[in-house]
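For reference, the structure discussed in these notes is given below.
Just so it is clear, the values below take in all heavy atoms, side chains as well, and ignore hydrogens, waters and symmetry mates. Not measured: the values here are computed from a predicted model.
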Amino acid sequence: MLVSCFWLAAQAASAETILEAEYAAPTTRYGHGALGDAMEWGALRLTLADGRRLTMTVPESLVFEDVAPRLADLDGDGAPEVITVESSLTKGARLAIYGPEGRIAATPHIGRRNRWLAPIGAADMDGDGAIEIAYIDRPHLAQTLRLWRYHEGRLTEVATAQGLTNHKIGWDHIPGGIRTCRTGPEIVTANGDWSQIMVTRLSGSSLTLRPMEPYTGPDSLNAALTCP
């Protein structure tokens, strides 16, 4: 009987596995335009393994200000969570994590309208078994890399570094990301003046940066994700 209960629980969990995520309900209520137009999103739509489609609508005070939601298994259970960017009409952007039941966790808002963050990716940056999520806080202004650790449904900031960026105003894409080569995960961005491609690693509680090669355009950031 106990085996049967475990099997049923596993089946139920499998049915709720997120297969796809997309933004929906386009809206102009924010009108920031960091991604090239005044259109943002008012809802997140999830497709589950059992065929259900769930739509999660944010309040009128929020929008999703993002290129696309990102799927990543943040808790190691074999099923992905969804990484999004939510922006407040008065307090700017924050990173938010969603599951089939809704929002699980979020970072603080930047604190001011029309201040945005550009996601980079998620990986176990230091090999401790927990996943870190990286983004650039205000890629056009503060140019600050922030790393947050996801553990037991909570986000904790673990490290920051100044002078890095991955987005220019008006781009509808975010180049660069996280690559995993022989020496482990590395964050690939540009430096603040867009002259160099930078590679960043997490060592303990600090970030180590090194220049890789000259930046020649967004394609060069994406090409740098390929391991040598």
Original post:
Taking 4.0 angstrom as the limit, do Glu86 and Arg103 come out as a salt bridge?
Top reply: yes
**OP:** Report yes if the side chains of Trp116 and Val85 come closer than 4.5 Å at any heavy-atom pair, otherwise no.
**Re:** yes
Subject >> Thr165 side chain reached by Gln143 side chain, heavy atoms, under 4.5 Å >> reply: yes
Original post:
If you measure from CG on Asp66 to CG on Leu35, what distance do you get to the nearest 0.5 Å?
Top reply: 7.5 Å
**OP:** Indicate yes or no for a side-chain donor-acceptor contact from Glu132 to the backbone of Met125 under 3.5 Å, with no hydrogens or angles considered.
**Re:** yes
Subject >> Interatomic distance, Ile187 atom CD1 to Ile120 atom CD1 [nearest 0.5 angstrom] >> reply: 5.5 Å
Original post:
Under 4.5 Å between any side-chain heavy atoms of Asn166 and Leu145, yes or no?
Top reply: no
Original post:
So do Leu89 and Arg113 actually touch side chain to side chain, heavy atoms under 4.5 Å?
Top reply: yes
Subject >> From OG1 (Thr189) to CE (Met198), nearest 0.5 Å >> reply: 7.0 Å
Original post:
Under 3.5 Å, is there a donor-acceptor pair linking the side chains of Thr144 and Gln162?
Top reply: yes
Subject >> Closest heavy-atom pair and its distance - Ala68, Arg70 >> reply: O-NH1, 2.7 Å
Original post:
Is Arg52 salt-bridged to Glu16, cutoff N-O under 4.0 Å?
Top reply: yes
Subject >> Contact list for residues 175-228, test disulfide bond (SG atoms under 2.5 Å apart), sequence neighbours left out >> reply: Cys181-Cys227
**OP:** Determine whether the side chains of Glu65 and His32 contain a donor N or O and an acceptor N or O closer than 3.5 Å.
**Re:** yes
**OP:** Any pair with a residue in residues 74-141 that passes disulfide bond (SG atoms under 2.5 Å apart), sequence neighbours left out, goes on the list, sorted by first then second residue, please.
**Re:** none
**OP:** Please go through Tyr23's hydrophobic cluster and name the other residues, only I, L, V, M, F, W, Y counting, with side-chain heavy atoms under 4.5 Å joining them.
**Re:** Ile18, Trp41, Leu44, Leu46, Leu48, Leu54, Met56, Val58, Leu62, Phe64, Leu71, Val82, Tyr98
Original post:
Is the shortest heavy-atom distance from the side chain of Asp172 to the side chain of Val67 under 4.5 Å?
Top reply: no
Subject >> Side chain Arg146, main chain Leu117, donor-acceptor under 3.5 Å >> reply: no
**OP:** Just jot down the salt bridge (Lys or Arg N to Asp or Glu O under 4.0 Å) partners of Arg45, sequence neighbours excluded, or say none.
**Re:** Glu22
Original post:
Got a second to check how far Ile104's CD1 is from Glu81's CD, nearest 0.5 Å?
Top reply: 5.0 Å
Original post:
Going only through I, L, V, M, F, W and Y residues with side-chain contacts under 4.5 Å, is there a path from Leu225 to Leu209?
Top reply: no
Subject >> Short side-chain to backbone donor-acceptor contact, Asp124 and Asp128, under 3.5 Å >> reply: yes
Original post:
Is the backbone of Ala96 close enough, under 3.5 Å, to the side chain of Thr84 for a donor and an acceptor to pair up by distance?
Top reply: yes
Subject >> Arg94 side-chain N/O to Ile110 backbone N/O, donor-acceptor pair under 3.5 Å >> reply: no
Subject >> Those residues that, when tested against Val199, pass side chain to side chain contact (heavy atoms under 4.5 Å, CB included) (two or more places apart) >> reply: Arg179, Glu186, Arg210, Met212
Subject >> Separation between OH of Tyr135 and CG of Leu147, rounded to the nearest 0.5 Å >> reply: 10.0 Å
Original post:
Leu141: which other cluster members, linking ILVMFWY side chains closer than 4.5 Å, directly or transitively?
Top reply: none
Original post:
Got a salt bridge between Arg149 and Asp126, using NZ or NE/NH1/NH2 to carboxylate O under 4.0 Å?
Top reply: yes
Original post:
Any side-chain heavy-atom pair from Leu74 and Ile133 closer than 4.5 angstrom?
Top reply: yes
Subject >> Note, Val188 side chain near Ile178 side chain (heavy atom, < 4.5 Å) >> reply: no
**OP:** Calculate, to the nearest 0.5 Å, the distance between atoms CD1 and CG belonging to Ile83 and Leu95 respectively.
**Re:** 6.5 Å
Original post:
Parallel, tilted or perpendicular: which fits the ring planes of His140 and His167, with parallel below 30° and perpendicular above 60°?
Top reply: tilted
**OP:** Evaluate the side-chain proximity of Tyr215 to Gln196: yes if any heavy-atom separation is below 4.5 Å, no if none is.
**Re:** no
